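Before any comments, here is the structure.
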There are 2 protein chains.
Amino acid sequence: MDRSTRPVRLADVAKAAGVSHGTASNVFSHPEIVREEVRERVKATAEAMGYAGPDPKGRLLRAGKVNAIGVATNEPLSYFFDDPFARVMMASISQACDATGAGISLVSAANSEHLAWNIQSALVDGFIVFCIEGDSRLVELARERKLPFVALDLDSENQSVAAIGVDNIAGAGLAARHLAEFGHRRFAVLTLPCAEGGFGPITQAQAETSLYAGTRDRLRGYFAELSRFDIDVSKVPIYETVNDQESVWAGLDHFFASSETPTAILAMSDKMALHALDWMRQHDIAVPGDVSVVGFDGVPEGATSKPPLTTVAQPIAEMGRRAVKAILENEGTSSRQLMPVDLVVRASSGPAPTRS
Amino acid sequence: MDRSTRPVRLADVAKAAGVSHGTASNVFSHPEIVREEVRERVKATAEAMGYAGPDPKGRLLRAGKVNAIGVATNEPLSYFFDDPFARVMMASISQACDATGAGISLVSAANSEHLAWNIQSALVDGFIVFCIEGDSRLVELARERKLPFVALDLDSENQSVAAIGVDNIAGAGLAARHLAEFGHRRFAVLTLPCAEGGFGPITQAQAETSLYAGTRDRLRGYFAELSRFDIDVSKVPIYETVNDQESVWAGLDHFFASSETPTAILAMSDKMALHALDWMRQHDIAVPGDVSVVGFDGVPEGATSKPPLTTVAQPIAEMGRRAVKAILENEGTSSRQLMPVDLVVRASSGPAPTRS
DNA sequence: ACCCATCGTTGGATCGATTCAAGAATTTGC
DNA sequence: GCAAATTCTTGAATCGATCCAACGATGGGT
């Protein structure tokens, strides 16, 4: 109907109803202090004029609090709904938000120029930053907003930013020890990204220079433990993936093309491990009969996969809860929290096959 | 460091740098029109004072556009990350948002009082409303904001609101016909919620008075088609669920406790159908040998379940894309769009067993 | 009849930025 | 050397609400 005409403002309603804007405001925000007769008149006028209620844009400026927390990532937005780890984390974050009535704003952008703008103009009270691929630019941007923020899974060396992470070295150690104790001696490692972009086989030295400390620490954890079992880690093949099916399968093609095929696969995420299980099934390799696979994260899909996945479980729910708490309560925790991890033994790992 | 002191404002920076706030504003928003020398001085001052950049709260009021679309639901926020249908829909919505650089705000609340407030104060340019449980109060609230909005899957009778939905009657008909043509004659129906709260066996008459037209239409679609095969639909047991495992399993317990056990299950969502498959496996009932199951939605999990699920697929990705487009482009589409559905035949349906 | 509470209402100040017409400073043209 | 063109800068107005100190009515008590 009344298109092209700009929306009705509270002041318009006030004028039409013959009261001051102060009183009109009270009708909506503190109805109990306005005399009933006036209240009804103003409400009726508002209704008649098609007033949409106090505009949050205006309210916001005065109130100062948005009542929403931002969750930011470098990945496309759909990462939050596609990636198993992100999904579980988001579910726990959203439960915590529900409990306090806070909303969630998803912030991201395909290209990094958009990213900057999106972070700078996000209407939120604080940020939870997903640093799965550890780009420090994202952290930098979020920090410049000078709002409370927490990084999840951040490079463990940047001690100055608030972060909630897990003990990657210890966790990786648990996985490696578990397999070594089963008698495995021929290992192969599927890593998370080390550098921008590509994937392919890399050397230990290359992995050590990884941009992402999470990747680096997990590798160190694996190798430290394997060394303890007198395994020559310099011979363990490492394949860098981008945490998707294509690169994982390429990695396995690579491992199993060599003459000394591995009997144990260490995967740095459950997502990779689950893709690996698919690959094994397609290639008629028995798990854990021929090859054992251990993941990392502890996503629920691992419990129902074929076979169920042995993995290093992060306390994802607890991490999400703490992140939200940190944003909502604090005004700038700068501490780092390292959460413990748990080895969850299921059916994807077993004794090493007797050498044939 | 400088805690307890309120944040630096643009005006503070301007004063400190000895320029007007107008110029200071230009330094950040239109750097190219400010002389370089001045620009650098202001930037340096801002940096030194710990200015966090123009506060979006202020900018917003003037600009008018938030650049984010709100997605609202009655369910808890974690619904977006837990429910398979919602996940796929959100993934496609987020892709569309990514493409235009818009953000996503998730709006919800446990109790309905919070819901009202959250909708009223959400900082968004428009709403996409998930009406899975078709509560019209949610639609009402969203509409009162007088922002562009689109309902997904809304009751098909409320012609006045913009909505994107599927042809539930035709879709349900496809599922029913598929099973009837396989020779099935003993059917049972698992419905989505019909009323607030509970679950349990209901009559056709009760289902007809369902609060939710989606539920009603699917049932009508089933029954219309079954009648065409001379099946006495008044004898077909109907069990109302709340779309979770517990209620689905209770429904199956109920169906299979009777003397005339069904050979074909019509489930109004894939989620229910997948829970049904689990139940069958646990009770050693062969699918599709003893019982056939057909779902509704077409979520990806159906393709990899055991056995893969025959279902009525909605064009979820396309629906998400259109919803976003409607919000971002239009200033109030009030048309309804009915999308076509597709029967996807997989291995959970087969010929009716010969009567034993 | 007067004073004091109480209750409602008013209008101005404020939140933090952007925008724009007008003016000042500088450069260019003739 | 003066007018015109150009480039920056300024300060006021605006966006849409909330908050608060002050003020004007009422009603009750003595």
Side-chain angles (χ1 to χ4, degrees), chain A residues 5-43 45-46 49-67 117 120-125 145-147, chain B residues 5-43 45-46 49-67 117 120-125 145-147:
Chain A
T5 169
R6 76 172 190 188
V8 188
R9 300 190 318 282
L10 181 55
D12 303 330
V13 174
K15 191 175 299 173
V19 298
S20 73
H21 60 268
T23 300
S25 171
N26 284 333
V27 169
F28 291 96
S29 310
H30 306 282
E32 71 282 0
I33 72 167
V34 177
R35 190 154 38 102
E36 176 163 356
E37 180 213 321
V38 178
R39 198 194 320 148
E40 291 310 323
R41 176 157 45 97
V42 174
K43 273 190 175 162
T45 314
M49 298 178 73
Y51 180 58
D55 187 333
K57 295 205 273 301
R59 191 213 302 288
L60 172 63
L61 187 51
R62 190 108 246 281
K65 288 218 81 175
V66 183
N67 200 33
W117 172 256
Q120 281 159 5
S121 65
L123 291 157
V124 298
D125 296 323
R145 282 289 303 271
K146 317 229 154 126
L147 293 173
Chain B
T5 168
R6 75 171 190 192
V8 189
R9 299 189 320 281
L10 181 55
D12 304 330
V13 174
K15 190 175 299 174
V19 297
S20 74
H21 53 264
T23 300
S25 171
N26 285 333
V27 169
F28 291 96
S29 310
H30 306 281
E32 70 283 1
I33 73 166
V34 176
R35 188 150 40 99
E36 175 163 357
E37 180 212 319
V38 178
R39 196 194 323 146
E40 291 310 321
R41 177 158 45 97
V42 174
K43 274 190 175 163
T45 315
M49 298 177 73
Y51 180 58
D55 186 332
K57 293 206 273 302
R59 191 214 301 291
L60 171 63
L61 188 51
R62 190 111 246 282
K65 288 217 80 174
V66 183
N67 199 34
W117 173 255
Q120 281 159 5
S121 65
L123 291 156
V124 298
D125 297 322
R145 282 289 303 272
K146 317 228 155 123
L147 294 173

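Model, not experiment: these values are computed from the prediction. Below, read A as the first sequence line, B as the second, and so on, with proteins coming before strands; counting in each chain starts at 1.
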Worksheet entry | Check: A:Asp125 side chain, A:Lys65 main-chain N or O, donor-acceptor pair, under 3.5 Å |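 The answer is no, because no donor-acceptor pair under 3.5 Å joins these two groups.
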Worksheet item: Within the distance-only criterion (no hydrogens, no angle test), does the side chain of A:Arg41 pair as donor or acceptor with the backbone N or O of A:Val19 below 3.5 angstrom?
Response: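 No; judged by distance alone, with no hydrogens or angles, the pair does not exist.
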Between [atom1] on residue [X] and [atom2] on residue [Y], distance to nearest 0.5 Å:
X	Y	atom1	atom2	value
A:His21	A:Asn26	NE2	CG	10.0 Å
A:Lys43	A:Phe28	NZ	CZ	7.5 Å
B:Arg39	B:Ile33	CZ	CD1	10.5 Å

Worksheet, complete the sentence: Given protein heavy atoms under 4.0 Å, the one-letter contact record of nucleotides 10-20 of chain D, with B base, S sugar-phosphate only and - none, is simply BBB-BBBBBB-
[X] versus [Y], closest heavy-atom pair with distance:
X	Y	result
A:Val8	A:Gly50	CG2-O, 4.0 Å
A:Pro56	B:Ser121	CB-O, 3.7 Å
B:Pro54	B:Arg59	CB-NH2, 4.0 Å

Worksheet item: Given axes from five pairs at either end, by how many degrees does the helix from C:dA1-D:dT30 to C:dC30-D:dG1 bend, rounded to 10°?
Response: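 The angle, to the nearest 10 degrees, is 50°.
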Worksheet entry | SB check B:Asp12 B:Arg9 (cutoff 4.0 Å) |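 A salt bridge links B:Asp12 with B:Arg9.
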Worksheet item: Taking CD from B:Glu36 and C1' from D:dT7, how many angstroms apart are they, rounded to a whole number?
Response: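 My rounded result for the distance is 15 Å.
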Item to complete: Give me the first and last nucleotide of DNA chain C, going 5' to 3', that has any atom under 4.0 Å from a heavy atom of chain B.
Response: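 Going 5' to 3' along DNA chain C, contacts run C:dC15 to C:dT19.
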Discussion item. Counting neighbours of CD on B:Glu32 that are heavy atoms of other residues, nucleotides or ligands and sit closer than 6.0 Å, is the number greater than 12?
Written reply: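 For B:Glu32, atom CD is crowded (more than 12 foreign heavy atoms under 6.0 Å).
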